[in-house]
Protein chains: 2
Amino acid sequence: MAKTRPEIALDSFDLAILKILQKDNATPQRTIGEAVNLSAPAVQRRIKRMEEAGVIAANCAIVDPARVGQPITIFVEVEVISETAELIDAAKAEFSAAPEVQQCYYVTGEADFILVIVVATMADYEALTRRLFFGNNNVKRFRTFVAMDRVKVGLTVPL
Amino acid sequence: MAKTRPEIALDSFDLAILKILQKDNATPQRTIGEAVNLSAPAVQRRIKRMEEAGVIAANCAIVDPARVGQPITIFVEVEVISETAELIDAAKAEFSAAPEVQQCYYVTGEADFILVIVVATMADYEALTRRLFFGNNNVKRFRTFVAMDRVKVGLTVPL
DNA sequence: GCCTGAAATGCAAGTTTGTTTCGTGGAAAG
DNA sequence: CTTTCCACGAAACAAACTTGCATTTCAGGC
């Protein structure tokens, strides 16, 4: 499943570089170099190393959902009936496959899954619940939270 | 606060470009051009336009938290006592200010806020709860969900 | 204390990519 | 039918990335 990635040690240079790339990965290497006191090639080699090691999982553009006609963000807590490994894996696969599901976590606590969903209209969400939850025999119950304000959104890791 | 951004219309070219950039914004413009049947300069102009319009909110590297010593992801549902505008804004500001708080949403439903938190250890989380929740008079109660598996994580918007 | 080797660095050259310029063509308005 | 306005593509240009190489640094062994 997940690729076997070598464990690598990160020094303070790497962390400083990551910190910059997390905010803006279009920053020229030369600029990064000046900020961390390293030459551009050194920065480039470190970035490549971290990408290969999986420290940098992806480089992507963050799209504002509201600007592309998907203004509704919804959280869902899902509780399942049976927690056998097969059924859990099946649920993971099904939730992951839905493009509207932006994030899916398998969690401990009063729920089993937490989903973050992005849709254009509540009707779309309703249709999705039929497909994902009512159409799934293993879903015991789910609770919906509609986001009124995306106060802080990102995948930034504290460094 | 948020900049006044012009509303812009997106055609199928723009959407196709966004779809690619959401997966990998290091894709050369020439390559994108071939994929969508447009020249590199045309792609470049469209990207710039979407960045200025806020459709593309950011370009950033996604860091794997586990690889940088922050293996624990936690969801928290926070319920507040008083929902006056001032107190809500104060809570938003306080939650946003914490670097461990990756995401913060103000929601309807049985909770008022949902937070996504990334920490290195449970002790760190415990310390954070003292600071953010027990140290805040307006927090009535909070519920914690610890992620066992980050099944699907991203900010990809369905297009 | 000195030597050695692995690893990382900086510089400079070469290559790819991003950016600007400019002339053209097509669609909407007059 | 003509004009205007955009957006486009081709090519020239500038900037950034990438590679090769000699040098430095540092840890471990002699």
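Order of the sequence lines fixes the chain letters, A, B, ..., with proteins taken first and strands second; residue numbering starts at 1 for each chain. All values reported here derive from a predicted model rather than from experimental measurement.
Counting only N and O atoms by type, the side chains of B:Gln70 and B:Glu100 include no donor and acceptor under 3.5 Å apart.
A search for side chain to side chain donor-acceptor pair (under 3.5 Å) contacts involving B:Thr31 returns nothing, not counting sequence neighbours. Residues passing the ring pair (Phe, Tyr, Trp, His ring centres under 6.0 Å) test with B:Tyr125, sequence neighbours excluded: none.
Here C:dT19 presents its P atom at 9 Å from CD1 of B:Ile47, a figure rounded to the nearest Å. Atom CG in B:Asn59 sits about 16 Å away from atom P in D:dA16, given to the nearest Å. Atom CZ in B:Arg46 sits about 18 Å away from atom C1' in C:dG18, given to the nearest Å.
At a threshold of 4.5 Å between side-chain heavy atoms, the hydrophobic network of Ile, Leu, Val, Met, Phe, Trp and Tyr places A:Leu155 and A:Leu21 in two separate groups.
When each of D:dA11, C:dC11, C:dT9 is scored by its nearest atom to the side-chain atoms of A:Leu38, the top-ranked nucleotide is C:dT9. The A:Lys48 side chain lies nearest to D:dT19 when the options are C:dT20, D:dT19, C:dT9.
Listed for the A:Ser96 side chain is no donor-acceptor partner under 3.5 Å among the backbone atoms of A:Ala93. Distance alone, capped at 3.5 Å, is enough to place a donor-acceptor pair between the B:Arg67 side chain and the A:Ala53 backbone.
Looking at residues 12-33 of chain A, you'll see that no heavy atom sits under 4.0 Å from any atom of DNA chain C.
Side-chain N/O atoms of B:Gln44 include one lying less than 4.0 angstrom from OP1 or OP2 on C:dT19.
Between A:Arg49 and A:Asp14, at least one side-chain nitrogen of the basic residue sits less than 4.0 Å from a carboxylate oxygen of the acidic one, meeting the salt-bridge criterion.
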If you apply the rule side-chain hydrogen bond (donor to acceptor under 3.5 Å, both in side chains), what do you find for B:Asn59 with A:Asn25, and how did you get there? CA-CA 6 Å; B:Asn59 286 289; A:Asn25 71 357; 5.6 Å; no
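A:Ser82 approaches A:Leu87 most closely through the heavy-atom pair OG-CD1, 3.3 Å.
When ring centroids are compared, B:Phe133 and B:Phe113 stay outside the 6.0 Å threshold.
The stretch residues 57-79 of chain B participates, sequence neighbours left out, in these ring pair (Phe, Tyr, Trp, His ring centres under 6.0 Å) pairs: A:Tyr105-B:Phe75.
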Enumerate the protein-to-nucleotides 22-26 of chain C contacts in which both atoms are nitrogen or oxygen and the separation is below 3.5 Å.
none

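Comparing the start and finish of the helix from C:dG1-D:dC30 to C:dG30-D:dC1, five pairs each, the helix axis swings through 30°, to the nearest 10 degrees.
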